[in-house]
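Letters A, B, ... mirror the listed sequences (proteins, then strands); counts begin at 1. Given the structure is predicted, the values throughout are model-derived calculations rather than measurements. Values below: every heavy atom of this structure, side chains too, minus hydrogens, waters and symmetry copies.
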There are 2 protein chains.
Amino acid sequence: MATLHDVAKRANVSKMTVSRAINHPGQVRPELRTNILNVMAELNYQPNAAARALVSRRTRVVKLTIFEDMDTTEPYYMMLLAGISNELNQHQYALQLATSNSYKVGECDGYILTGIREKNYAWVEQLSQPVVFFGRTYQDYDYVDTDNYQAIQDSVAYAVQCGYDNLVFVGIAVDAPFELDRERGFQDFVGENHLHSRVIRLANHGHIATDYLRQHWLEFPKNTAFICASDRLAIGIEDGIIQQGGNVPNDYGVVGFDGVFLNQIASKRLTTMKQPLEVMGRAAARLLLAKIAHPQTTEQEKIIINSRLSISESTR
Amino acid sequence: MATLHDVAKRANVSKMTVSRAINHPGQVRPELRTNILNVMAELNYQPNAAARALVSRRTRVVKLTIFEDMDTTEPYYMMLLAGISNELNQHQYALQLATSNSYKVGECDGYILTGIREKNYAWVEQLSQPVVFFGRTYQDYDYVDTDNYQAIQDSVAYAVQCGYDNLVFVGIAVDAPFELDRERGFQDFVGENHLHSRVIRLANHGHIATDYLRQHWLEFPKNTAFICASDRLAIGIEDGIIQQGGNVPNDYGVVGFDGVFLNQIASKRLTTMKQPLEVMGRAAARLLLAKIAHPQTTEQEKIIINSRLSISESTR
DNA sequence: ATTTTAATTGCAAGCGATTGCATAAATTTT
DNA sequence: AAAATTTATGCAATCGCTTGCAATTAAAAT
């Protein structure tokens, strides 16, 4: 492997000039610089990351830590990963992935944290590097999120506009900010508009929703819309309706949440509140990189990115 | 941040002794060592990874590169990630994630490569670090994979044993080793056993399979089993059958492949050939770590891990 | 033409750890 | 009891790069 020294010798300059040609382009004579760049290419020179990190105290690594016992069946994170990875890449940063088991391994310049639990806060507070949360947290940290409250309101408003007059919120039985926001959004909307409504909470599995519908089928009259807190639940609900002989979307409407991919496998393509996860991932990465570059300047701390309803075949 | 030097001073020894206490426990007097370890804990000393990497030429980072334009809707990789991450973690290695865009960013001690395309081989060959492929490749490299040929044969055998007498292989329309192996496995089995059979190839989307069934419904008599090359296709097929009024599993059987999670959302829980992705990920990581530790000793190069049929409600 | 200022380049030091060799202490052998 | 061996520890050099300051050169101002 060629080193700075090799390049310098070959280009007849000092190591310093080569270093500057790379890191401070303005400080070196243009023609000299192009020459150096050529030599670098000839020698296939790659700066040694370790040496760089050692002296500059910059690893050029960002760590994404997924604390939630990673539900490996959830494509949600995959899309997030893609967004973060792409953005970091553009800034020559590498993405390191850590889980609740491995969060202590490896160094980095900053953290993107998601799926955090109360018990992890002690660890978080002790971090010396900048931190950005993905998803609003209980505590007061910088984060990127979607407006769950508003998103659900939009979903319900749409269902009402479709003409469904009985609104059922199918929530995920979990005590997390995103879920509470959604439920509150639903409650407020149906309250203000005096709508027939109901809230049920289920574990986040399609077949659980299907089973639930089977057992409670008679409780749901025609013209009911199910506003679900995940696409999984939505698909389970839809399957359940169809199995009970209900007609989707004519007599029953189903709206999902997340817009992951499940709509690709459902019998009918799902109407769903689509989170722009790729964009949100990029935003989180960008915010973190800004904090790394300017540790004090803490201008924009909370970034809210709107979800949009993707209208398809499960509503009329 | 405390350095080796700080620890050494506080413990009244030289830096070297501290270094040895960490890396070569046998070479330092036990009581001295425990004392040093205590001081390290007191000072919350963490070895500087950059400095270490610089001199030892070991980054303690493994890079997983997913070349396939990452189908972010595919939980497959998520499960793989979990396996790799867990295994690396146990060996104090960090996992760096790269995609087809970012494969040039960052240094590492070795690579796990997956979803590789012909055009990437030039890059692969030029790598100086050890490489392990996830999934058999066209070329002759070390890899971890499941026996796709055998797995499909097992699926078909099971379907026959269930009493289905018309076998349909629903393949993914892609020119990849895993797919060719599966198709060949099917063809060989039905050929040798003189079974009624047919092969169709579709893009890997559930609703495409559903649509296909709608259009070709009359071509599939009762007592047909669909052996699918993915769970997505299987779910689409199953939905299609049900929508056409067919009875699963009594008149039609459906067998999936992968065992990702889709069975959690299907109307009926899917019988599927389950790849132990977590285990396979761990195996890949372990193989790579072995190659990193002993670059020459190339004993075990191809690791085949068996998939197992997970029998559920979509077959009788 | 001479001084001032700005733009380039080089020198030396050092980031925090590890490797090879040398030294000191403890143990065994003769 | 002296010599040979093993076991522990320390010293110095070094990994490849960047920071701070000094030195050189070119451009601008007097």
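- Applying the 4.0 Å criterion to OP1 and OP2 of C/dA17, one finds that B/Ser19 has every side-chain N and O outside that range.
- Atom NZ in A/Lys15 sits roughly 14 Å away from atom P in C/dG14 (whole-Å rounding).
- Here the options are B/Asn148, B/Thr146, B/Asp258, the test is side-chain hydrogen bond (donor to acceptor under 3.5 Å, both in side chains), and the partner is B/Ser307; only B/Thr146 passes.
- Distances were taken from every side-chain heavy atom of A/Val28 (C-beta onward) to each of C/dT9, D/dC15, D/dG10; the shortest belongs to C/dT9.
- We find that CZ of A/Arg57 is positioned 10 Å from P of C/dA17, with the value rounded to whole Å.
- Under a 3.5 Å cut-off, the side chain of A/Asn120 and the backbone N or O of A/Arg117 do form a donor-acceptor pair.
- Regarding contacts with the backbone of C/dT18, a side-chain N or O of B/Arg52 is found under 4.0 angstrom from either OP1 or OP2.
- Side-chain atoms of B/Ser14 lie closest to D/dC11 of the nucleotides D/dC11, C/dA17, C/dC15.
- Checking the phosphate oxygens (OP1, OP2) of C/dC15, no side-chain nitrogen or oxygen of B/Asn48 falls inside 4.0 Å.
- Put simply, A/Arg20 has no side-chain N or O that comes within less than 4.0 Å of OP1 or OP2 on C/dT8.
- Rounded to 10 degrees, the angle separating the terminal helix axes of the helix from C/dT2-D/dA29 to C/dT30-D/dA1, each built from five base pairs, is 40°.
- Counting to the nearest Å, the C1' atom of C/dA7 and the CZ atom of A/Arg33 are 16 Å from each other.
- The B/Ser56 side chain lies nearest to C/dT18 when the options are C/dG10, D/dC15, C/dT18.
- The side chain of A/Met16 lies closest to C/dG10, out of C/dG16, C/dG10, C/dG20.
- Spacing between atom CG of A/Leu32 and atom P of C/dT8 amounts to 10 Å, rounded to whole angstrom units.
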